[in-house]
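The chains referred to below are lettered A, B, ... by the order of the sequence lines, with proteins before strands, and numbering in each begins at 1.
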Amino acid sequence: MNRLPAIFLTLLALGFALLNAYKLMATPPKDVVELTVWETFNPEEHRIFKQIAAEFEQQYFQKYGKQVKLKLERVPFDGLMPRIKYACLAGAAPDICRVDNAWVLTLAYGRAITALDTLPNFNSTIEEVEKEYVAAAIDSNIIELVDENGQMKRHLYGLPDQTNCVALFWNKDLFKQSEEELRSAGLDPERAPATWEEFERYARVLTIPEKKQYGFAMFNSLWWSLPFFNTFGAEFVRTSADGHVYGALDEEAGQKALEFMTRLYQSGVEAGAWRTGSINPDQGFLNGKYAMILSGPWNLKRFSMVNFGVSLIPAGPAGTSSNVGGQNMVVFRSSKHPEIALEFLRYFSSEEVQVKWCETLGQIPVNLKAFEKVSTANPHLKVFMEQMKTAKPRPKIPRMDVLEEKVINPAIQLAMQGDLSADEALRRAVDELNKNYLPLIYQTQH
Amino acid sequence: MKFDKVKLRESVVSYLFLAPFLTVFVVFLGYPALYSLYISFRTAPFSADWYNVFGSMQYVGLANYRELLADNRFWWSLFCTFIYGLVTIPSSIALGLGLAILLNNKLKGRNFFRTVFYLPNVLDLYVVGTIWVLMLSPNYGLVDVLLSKLHIHISGGLLGNPWTALPTIGLVVVLKGAGFGMILFLSAIQNIPESVYEAAEIDGATAWQKLRYITIPLVKPVILFMIITGTMNALNAFTEVYAMASTKYGYGGPFIKFGNESVGATSLSGLYLYLIFERGEYGKAAAFSYLLMIFALIISFINQRFLRTEK
Amino acid sequence: MASVQLKNIRKVYDNGHEAVKGASFEVADREFVVLVGPSGCGKSTLLRMIAGLESISSGDLLIDGIRVNDLPAKDRDIAMVFQNYALYPHMTVYENMAFSLKLRNFPKEEIDKRVREAAEMLGLLDYLDRKPKAMSGGQRQRVAVGRAIVRRPKVFLFDEPLSNLDAKLRVQMRVELIKLHHRLQSTMIYVTHDQVEAMTMADKIVVVNKGEIQQVAAPIELYRNPINKFVAGFIGSPAMNFCECSIKLDSSGALLDEGTFKIKLPPERVRSLKTNCPEKVLFGIRPECIYDARATTPQPEATIEGTVEVVETMGNEIFVQIATARNELTARLSPDFEYQIGQRYRFVVDVNKAHLFDAVTEKSLLYDAL
Amino acid sequence: MRSLKDFFVYILLSVGAMLSILPIIWMLVIACKQQGQALRFEFLPSTIGISQPYSIKVGGKYNTVIFEYVNEDAQTVFVKAEFAGDKEVEMLSEGQGIFTARFEGITAGQYRYSFLVDGEEVVEGNGLIKVEGEYSYNHPPRNGTTATESSITFRFRSSRSPVKAILSTGQQIDLAGPDAAGYFTAQLNDLPAGDYSYRFEYARSWTEGLAELYTYKNFVAVLFNKDFPFLKFFLNSLIVATLAAIFTVALCTAGGYVFAKKNFYGKEVLFYILLATMLVPGLIFMVPQFVIVTKLGWINTYAGMFVPHIANVFGLYLLRQYMETIPDSLFEAARIDGATEWQQFSVIAVPLSMPIMVTLFLLVFVGQWSNFLWQYITNTPDSPLRTLPVGLALFKGQYDIRWEQMMAGACFSVIPITILFLLAQRFFIEGMTSGGVKE
C-alpha cells in the first residue's frame, strides 16, 4: 500500500516531463515565405486544392523568383467562425481563409480582413474585377462601408472560390409510383413542376400518409426561404427616393411567399422537416420519403443511390429564381504578405484553375470565362449553372446573421406553425431590421 | 488580533500545500472571473476591431444588467431553466433512488446491472444527444414508430413540439445520468444499518413506509447534493439543447410566441448565454453569467435552508 | 527516564473558551500519573498539550527540566495511545508498529527486533500481518500500545485508552497496563474519566474539573482526604453522600443537625474547624461507613433513621438507598440483613470517617494536609 | 413470493438497462452500417437487392468507354484517362467495392489510363485501353449493359435468380440466365432514342443482404485514413486526459487535505470564494483563459489544453468532504510518530483517500476526453496535438455528416473510458461513499 503514493508521484513527474516535451516546431527556412491557409474543403476537394497550391508555389517562384510555401490547414466547417474570432483576439489569424459568403460582411465590419483593393498589387478597379466573375458569386465580396468622411465607399473584401444555389430535386421513382394518380390529376409524371401552382398539385398527389411519404420537405431559414421570396418577387430592402434604405419583405409579395410556404406545411404536403428533431430534407430524400426537396449541387454525389432529377425552382409571379451560397477566400488584416495572398486568390479563381477544378469535381465555376468554357457531361450540374443566372444573393446588412437567428427564422417558423399571420411575422422582422440593424450601416466608421 | 504561533505555522504549511491549486486558480479562474466582472460593465461597439475587442470596450455602467433584466428572452430562458430543473431534478433523484433500491437487493448479476446503468455516464453528451435525435425523429425514428403503434401522435414529433421538447430533452439527460445518482444513493443506503430496518419491520412498517420513513430521511444528504448539482447543471445546460434542439439555422428548439418575442421552447439560460457569447457580446455575456451566479447562490441558499440536515 | 513539569499552563481557544485554567503539577520519573475528571473537564486538552498536539496558551511545560512549549510533537520524544487507537487502517500491524521507527530512519534489523519484542510482550506475534480492520477491539488496543512501546519514549501518554472496550476486557487490559508499567519502568501519563481506573493504576492522581486541577495526590490519600466536595464525590463508588446541616461547635466536638437526625463529631476530628466555622456545612459520609443499627451498639448521636427505597444486591454486599425527609443516602452494607422496601430502618454512621465541607465554597473543613 | 418479486425486479432492471444503453447500441449499429445507410430505418437485411440507378443513352452514335475498378477497401477512386485529357474523374461507387465511370463519344484508338485509389496511383496491366466499336471496357464488367440505335441489352452478374431490370419508363423485364460466366441478360427492343435510366432488382441471400447493409469497413476507414490520423488523435486524447486527471487529482488532493484537516488563517473565506466560482457559468472564463494561454505561448502544447482546468473546485470539494471523514487522531498519531507535514499528507492522507482520488481521476478523465471546444481553439488546425473530438469534427462537413465513420470513431472513443471505468469500478463506488474511512 505504501507504493501507491510513490506511483502517484512518479506519474506526476512524468506529467511534468511530458508537459513541454512536445512543442510544435514551426520555424520554416528563412528564405521561404510561409502563408497559412485555413480551408474547409472536403477530402476530395482538399486533394485537388493541394495540387493547385503546389502549382501556385511553382508559378510564383518562376514569376518572382521568391519561394512561397502555402501551409494548408483543414478546419472543420462547424467551428470555423469561433476559431477565427479567437485567432484574431490572440493575434494568430491565418493569412488566407476560406469562409462562407455570408461571413465576409461580418469579418469586414470587424476589420478582421483586408480590403483587397487597397493592396499595392491590386492593379485594376473593383468594377473590372467584378466583371470577371459570376455576378452572384462576387456580390458578397463587395461591401460598402462608411469612410472617415462619412462617405459610402465600395471595397472588395475577398474573391469567390465556390458558388452554388439550390434547385428542385425530385425523386423519379416516387413520381413513377404515383404515375396514375398524377396523370388523373392532369400532371406529367415524367417531369418536375414548372410553376409553384403546379408544384402544389404535384406535392399533394405525392403525399401518401400511409407510406409516410411526403410531397415536399424544406428548411425554413431565411436563406432556404429565399427561393420562395425571390420567385414571388419580394425584395428584402428598398432604397427610397431620398436614399433611405428600408426593409420591404413585409410587402405583399413577401406575404404571399410566406403564406404559400405556410400552406404547404399546414395542408400536410410539406413534411415539417424544418422542425427540430425531424429527419432533414436531404436525409428524407435519400430514404425515399420526400418526393421533392430544394437542395444544392453539393448533394449530387451523395444522392447517387436515388433515381432523381434536378430542375429549376418552380416559377412564381417573378419567374424562377434561387438563393446564392458558396465560399469566398479572404485575406486577414494581420497577414504579413497580403500581396502574395491576393496573388493566390486571383490564381485560384482564374479561368484555367476554375476549369480544372470544376471539371474534376463537378462544381459551378465562379469565373465567368470558365463558366462558359466548362463542359460538363453532368446534366444535373447544367441545371444548376442555368439556375445560377437567376439566383439572387441575400442582402448585405450588418449583423444579418444575428437578425436571422434572432428574429427572421423564428418569425418564419411561427408563421408556418400558425402562431402568427404571415403579415405580422414579416412586419416584426422588418420593424426590427429598420430599428436596430439598418442604422448600423451609417454608424460604422472605418 | 493576536496570532497564535501554532496556527501561524499551520497556515504557512497549508498555503504551501494550496500553492499549486491557488496559483492555477488565480491565473485561470480568479483573474478571468474578476476580468469578466470588469467587462460586465462595459460593452464593445458593433464595429469593434476583432483584433482588439476588449480594448475597444467602453464603460456603460449597469446597462448590460439593465438590458438583460428588461429582456423578455432572458426571463423566458430562466423560466425554461426552471421548468427544466423541475423535470430533471426530481426524476433523476427518483430514478437514482429507485435503481439504488433495486440494486441493493442481493441479486445475482447486480454488478453487471450497476455497470450497465453507469456506463452511459461516460459517454459524450453531444454524441448521446445526437443519437437520441435519430431515435426520436417523427415518423421515422424508433421511439416515434413505437408511439404510433400505441396510437400516440405528437404533432411535430417529441422534439419538434413546444410542449414536449424540453421534457424530452430532460428525460434523455436524466436517463444518461441515472447511473451517477444510483451510485450516490447506493452508497448512502449501504451506510444505513440493517438494524434500523429490522426495528421498523418489528414495528410493522410496510415496504413503502420503510422507504418513506427510513430510507428517504437517511439519504437526505444525497438528495440535497443532487438538488444542488442538478440546479447547477440546469443553469449551465447547453450541450444537450445544442445537440437535440438546434438546427444549423436556429437554436433552442421549436419556437413559440412569448409576449412580443418569438422564443425557443428549449431556450435554456445556458444556451441563451452561449448565443450572446457567440455573437461577441462579451460584456453582456459576463453580466448574464453574474446574474446566473446570483440566482444560483440564492437557490443553493434556499436549498440549504430548507433541507438542512441535522448532524 | 524523564520527568514532566507543568507550570501554570493555560489553554484559551480562539472563541475565548478557557479549557485549562492554570494547571501546575509534576510527574516524577517512572511515575504513573492519572488525570481524572468528568468528560469535558479539560484533562484531554492537558494531555494533548503535553503531547504537542495543542498549543499552550501560557505557562511552561518542562520535560526533563527543558522547556518544550514550542517543540513539535515529534521532537518531544513521547508516545501516545489514543482512545480510538488511531491505527493506520491501510497498514498491517507490523507496519503500524514500525512506522515511527521508519520515519526516524532506524535500521531495518533494529526495527524488526523492536517490533517483534513488543509484539511478543503483548502477545501479538501471530497478528503482525493483519490489518487493523481484521482485529478485535482488545487486539487493536494492544497494537496501539505496541506502537508506543517500540519507540522507547521518555514519556507515555494514554488518552482514555480503555473506554472503547467492554467491561471485562477493560479490567483485563488494566492489569496488563499495570504490569507493563512495572516492566518498562517509564513515565506514564494516563487520562481517564473512570475513577476506578485512576485508583487502581495510578501512583499519583490528578483530579481535574472545569479546567482546573482540584487535587494532586496518591490514590489512597485522595480517598481519605479529599480536598473539596468535587473530589470527594468523584472518587469512590458509590459516591459519597452529602447532607446539608447546621453546625454547633463546643468542646465535646461538633453537633451536626440535618433536621431529621443529629450527628456528633468527636473533637479530634473537628480540631481544624475552631478558627473559622461557617453556619452551614455539608456533611459527607461514604456509603461504606454506614452500618445497620442492628449490627452495632446503639449510638444515638450517630444514627440516621430513614425509609429504604431501593435495594441493589451485589452478592457480597448490598447497596441500600435510604431516604430521610430531606436527603437520600446510599449505604454499602453486608447482606446479613434483609430490608423491606418502604420500611423504616435505623443506621449508624462511622463518625471518625465523616467529612465536612463548607456549604458555600465546598472546600473541605477537615482537610489538614494543605 | 420471493422468486416472483425477484422476477419482476429482473424484468424492470433489464428494461431499464436496455433503455439506458440504447444509445450505445444504436451508435454501434450505425457505425456498422454501409456508407449512406446510417439514417435509414432499415436493420434487417432484405433478400431483394436493388441496384443504384444507371443512365444510358439509346440512339447514341459514339464510342462509350466503361471503366471498372474493384477494391473493397477503397474509399474514393478516380480515373485518369488520356482521352479525357488526363483529368481526374471520380468513379461512382456501386457498393461492394465496385467503382465505375463512363465516357461517351471517344474516338477509336489506344489510350493510357490509370486509377487514383485514395490518392494513390494504380496502373492496371499495361495501363492501356483499346477503344473500338460501341463499347469498350478495361475488363469485363459486372454491369455491362449496352444500348444500340433502339434497344438496350441488360447484363448483370448475380449469384441467384430472378433478376429484373426496371426502366425509368416503368417498363420491366426479367433477365435470363445465368450463363457460364454468371451473367443474366435480356434485351429490350423498339425503344425511342433518348436518355433512359434503369436499375436492377435481384434476389440475393440473406448474408448478401446483410453485407449490403452492414460492414466493418467504417472502423478500418477511421483507423487507417491519411486525412485522419486516428491513432495520433487517440494518443493525444489519452495523454491530455491523463495529464489533466493526474494534475487535477494532485492539486485537489493537496487542497482538499488542508481544507479538511488544517486550521489556517482565511480558510472559511477562501473556501467560500472557491465555491462561488463554481456557480459562475464556465463559458465566461473561456476568452480570458484563451488570451492567457496565448500570452504564455501555450498554443499547440499539451499544457495549454489542460492546465487551465486543473484547479477544479468541485474536485477540491469532493476531496475535502471525503478527507473530513478520516479521523483526526490518525494524523495526531502520525505527528507523534514523527511524521513531517508532508509525510502526514503522503503516507496517511493520500493512501486513505485513494478511492475518492480514483473517482475524481475518472470524472476528470471523462470530462477532458470529450472536451471539444477548448482543445479545438488551443490548437492550430494542423497541430500534431489535436485530440479525438477535434479530429472527429472533421467528419462533419458543411452539408453532410459522415455518420457511419463518425460513430465508428465515437465507438473507439468510448473504449478507453469503459476500460478505465471497469478497472476503477471498485474504487469508484467506494469513493462515492462519503463515510469511506472506517478503522
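- Heavy atoms of C:F82 lying under 4.5 Å from chain D belong exclusively to its side chain.
- For the pair C:E95 and C:K131, the salt-bridge criterion is not met [side-chain N within less than 4.0 Å of a carboxylate O].
- Every side chain to side chain contact (heavy atoms under 4.5 Å, CB included) that C:A144 has, sequence neighbours left out, goes to C:V81, C:Y85, C:L87, C:Q141.
- Look at C:K113 and C:E109 and you find no salt bridge, because none of the NZ, NE, NH1 or NH2 atoms lies under 4.0 Å from a carboxylate O.
- The interface of residues 68-77 of chain C with chain D, defined by heavy-atom distances below 4.5 Å, comprises C:A73, C:K74.
- The backbone N or O of C:A2 sits nowhere less than 3.5 Å from a side-chain atom of C:K154 that would complete a donor-acceptor pair.
- Interface residue D:E332: backbone and side-chain heavy atoms are both found under 4.5 Å from chain C.
- For residues 365-374 of chain D, the set of pairs meeting the side-chain hydrogen bond (donor to acceptor under 3.5 Å, both in side chains) definition, not counting sequence neighbours, is empty.
- Contacts of C:H181 classified as ring pair (Phe, Tyr, Trp, His ring centres under 6.0 Å), with partners at least two apart in sequence or in another chain: C:F32.
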Test ring pair (Phe, Tyr, Trp, His ring centres under 6.0 Å) on D:F331 and D:Y257 and set out the steps.
CA-CA 11 Å; D:F331 295 98; D:Y257 167 66; 5.7 Å; yes
